[in-house]
Amino acid sequence: MQIITSIDVENSINSGQVFLWKKDENYWYGINGQDVLQVDLNGNVKSYQKLKIDFFRKNDDIEKIIKSISKDKVVKNAVKKYQGLRITRQDPFQCLISFIISSNSNIPKIKHCLENIVQKFGKKITFENQKFFLFPEPNKLAKASINEIKKCGVGYRATFIKEAAKIIASKDIKFEQLKKCDYQETKKIICQIPGVGNKVADCVMLFSLNKLQAVPLDRWIVRILGKYYSNKFEIKTKTITEKQYEILHEKIVNHFGPYAGYAQQFLFKMERENHQKKWL
DNA sequence: CCAAGGCCTGAATG
DNA sequence: ACATTCAGGCCTT
């Protein structure tokens with residue numbers, strides 16, 4: 001099989017990983033913490049803060065990863081069809097808040113809420129002749145009132161957001177430290193944050209803390225496993241308990257290997273496209 | 001350890 | 001129209 005190592009920005013942005021992104025004729029623009037990224041169609045990134053960040057994980061050995069996860073026909077097809085789809089390396093705080101908001105919600109609404117949050121609490125800047133709002137720093141959301149946060153449309157998640165921001169602002173949890181910890185240890189720590197359960201934790205770990213074996217098991221992935229992998233991973237109930245989540249994840253990593261998170265992203269993309277679900 | 005119910009909100013369904 | 005249902009879950013009982 002021929003593995004193409006270039007990046008498909010469109011597929012990567014439109015795969016449920018990020019929300020504060022928009023496109024004009026030539027570029028994608030995205031908010032990433034205190035930074036704004038301008039990305040051309042080849043995945044070349046220009047940073048507002050002039051940082052050299054590897055947002056699309058170009059430094060990953062994608063050829064090795066694709067080979068590693070290509071364990072069955074289903075992923076192989078997804079990988080082939082959505083070539084160039086990459087896992088992103090996001091600002092952890094923004095990623096955390098984004099996925100706390102994501103729970104029991106959907107992409108258009110998550111995007112809407114996050115846009116309200118950056119407008120209300122983020123710093124306004126100009127980059128490439130356009131106005132952007134940066135993502136608010138933890139301290140800013142930690143000090144905000146629950147009601148102010150609620151006005152962004154996040155509902156009961158407002159308390160989670162404030163408490164999460166307080167934990168990060170106070171440095172009780174340090175993302176830079178978590179990047180050095182292993183999967184299990186990291187998960188145990190971030191699940192202590194209110195509004196963060198198994199699924200949200202896996203999103204934060206996969207998309208911002210370099211844990212490529214993290215596999216967010218949302219409704220879609222559970223559905224996919226039931227549909228294409230019923231012989232390998234049997235799922236009896238509609239909603240899976242914490243224990244079942246743990247066991248299932250173990251089986252998945254057993255099957256797909258240490259880059260299982262990549263496999264998950266390809267499968268997720270495939271099934272959502274098949275069902276013509278909306279992206280950004 | 002598991003099951004059930006509640007939760008903000010808005011778009012989609014009937 | 002208007003009421004239900006549902007959506008990238010989590011938390012409490």
Side-chain angles (χ1 to χ4, degrees), chain A residues 11-21 78 85 87-88 90 94-117 120 144-165 167 187-208 211 214-227 234-250 252 260-280:
Chain A
N11 276 344
S12 302
I13 299 295
N14 284 322
S15 68
Q17 303 183 56
V18 294
F19 307 96
L20 289 172
W21 284 71
L85 166 61
I87 297 290
T88 55
Q90 303 174 32
Q94 180 176 335
C95 189
L96 171 69
I97 300 302
S98 300
F99 285 98
I100 286 176
I101 291 172
S102 82
S103 98
N104 206 16
S105 189
N106 52 56
I107 291 176
K109 195 156 113 34
I110 299 162
K111 182 183 167 73
H112 180 233
C113 291
L114 287 169
E115 278 168 350
N116 290 338
I117 284 180
K120 199 167 178 55
S145 76
I146 304 284
N147 268 334
E148 290 295 292
I149 301 173
K150 267 188 184 163
K151 282 181 189 162
C152 299
V154 298
Y156 63 89
R157 304 169 192 82
T159 350
F160 297 158
I161 292 169
K162 184 176 168 73
E163 291 307 308
I167 290 171
K187 188 159 198 177
K188 208 166 84 186
I189 292 170
I190 58 178
C191 279
Q192 293 167 3
I193 301 170
V196 178
N198 267 309
K199 190 269 172 183
V200 172
D202 275 331
C203 286
V204 175
M205 287 195 289
L206 179 59
F207 304 141
S208 74
K211 306 292 183 271
V215 178
L217 296 176
D218 57 29
R219 280 176 147 83
W220 283 89
I221 294 297
V222 171
R223 217 174 293 162
I224 288 165
L225 296 178
K227 185 170 169 186
E234 80 177 302
I235 297 155
K236 296 163 203 150
T237 48
K238 228 163 136 190
T239 53
I240 54 175
T241 66
E242 203 174 320
K243 191 70 191 168
Q244 286 173 308
Y245 192 108
E246 199 179 314
I247 293 166
L248 196 50
H249 176 251
E250 212 171 295
I252 290 168
Y262 265 95
Q264 172 273 156
Q265 207 60 35
F266 280 105
L267 294 172
F268 183 74
K269 173 71 175 170
M270 174 195 73
E271 197 66 358
R272 300 262 313 186
E273 289 290 350
N274 287 347
H275 287 254
Q276 303 180 341
K277 301 301 282 188
K278 280 184 190 157
W279 302 109
L280 297 184

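Chain naming here is simple, since letters A, B, ... match the order of the sequence lines and numbering starts at 1 in each. The structure presented is a predicted model; accordingly, all values stated were derived computationally and were not measured.
Spacing between atom CG of A:N116 and atom P of B:dG10 amounts to 9 Å, rounded to whole angstrom units. One can place CD1 of A:I149 at 14 Å from P of B:dC8, the figure rounded to the nearest angstrom. If you measure from atom OH of A:Y245 to atom P of C:dG9, you get 11 Å, rounded to the nearest angstrom. Residue A:E163 contributes atom CD, which lies 17 Å from atom P of C:dC10 at whole-angstrom precision. What separates CG of A:N147 from P of B:dC8 is a distance of 12 Å, to the nearest Å. Distance CD (A:Q192) to P (C:dC10): 15 Å, rounded to an integer number of Å. In this entry the distance linking NZ of A:K278 with P of C:dC6 reads 18 Å, nearest Å. Here the C1' atom of nucleotide C:dG9 and the NZ atom of A:K187 are 13 Å apart, to the nearest Å.
In terms of position along DNA chain C, the nucleotide closest to A:W220 lies nearer the 5' end than the nucleotide closest to the other residue of the pair A:C191 and A:W220. Between A:I193 and A:F19, the residue anchored nearer the 5' end of DNA chain C, judged by the nucleotide with its closest heavy atom, is A:F19. The residue among A:R157 and A:Q244 whose nearest nucleotide of DNA chain B lies closer to the 5′ end is A:Q244.
The base of C:dG9 lies close enough to the side chain of A:Y156 for a donor and an acceptor atom to sit less than 3.5 Å apart.
Here the side chain of A:V200 is nearest to one of C:dC10, C:dA7, B:dC2, namely C:dC10.
Interface residues of residues 103-115 of chain A facing DNA chain B, ordered by number: A:N104, A:K109; criterion, heavy-atom separation under 4.0 Å.
The phosphate of B:dT9 (OP1 or OP2) has no side-chain N or O of A:K150 nearer than 4.0 angstrom. Considering only side-chain N and O atoms, A:R219 lies under 4.0 angstrom from the phosphate OP1 or OP2 of C:dG9. Considering only side-chain N and O atoms, A:T241 lies under 4.0 angstrom from the phosphate OP1 or OP2 of B:dC2.
With both ends at atom P, the span from C:dT13 to B:dC8 equals 15 Å, rounded to whole Å.
Proximity of a side-chain donor or acceptor of A:Q17 to a complementary backbone N or O of A:Q90 within less than 3.5 Å is not detected.
Using bins of under 30°, 30° to 60° and over 60° for the plane-to-plane angle, the ring pair A:F99/A:F207 lands in the tilted bin.
Among the protein residues, A:E271 comes within range of no part of the nucleic acid, since none of its heavy atoms lies under 4.0 Å from any strand.
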Q | CA sep, side-chain torsions, deciding dist, call: A:W220, A:Q264, side-chain hydrogen bond (donor to acceptor under 3.5 Å, both in side chains) | A | CA-CA 10 Å; A:W220 283 89; A:Q264 172 273 156; over 6 Å; no
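Of all heavy-atom pairs between A:A164 and A:L96, the closest is CB-CD2, 4.2 Å. Summarising the geometry of A:V215 relative to A:D202, their closest heavy-atom pair is O-OD2, 3.3 Å, with the distance given to 0.1 Å.
Considering CG of A:N14 and CG of A:L85, their distance stands at 10.5 Å, rounded to 0.5 Å. Distance CZ/A:R223 to NE2/A:H275: 7.0 Å, rounded to 0.5 Å. With values rounded to the nearest 0.5 angstrom, A:N198 atom CG is found 11.5 Å from A:Q244 atom CD.
The partner of B:dA12 is C:dT4, judged by Watson-Crick or G-U wobble contacts that both fall below 3.5 Å.
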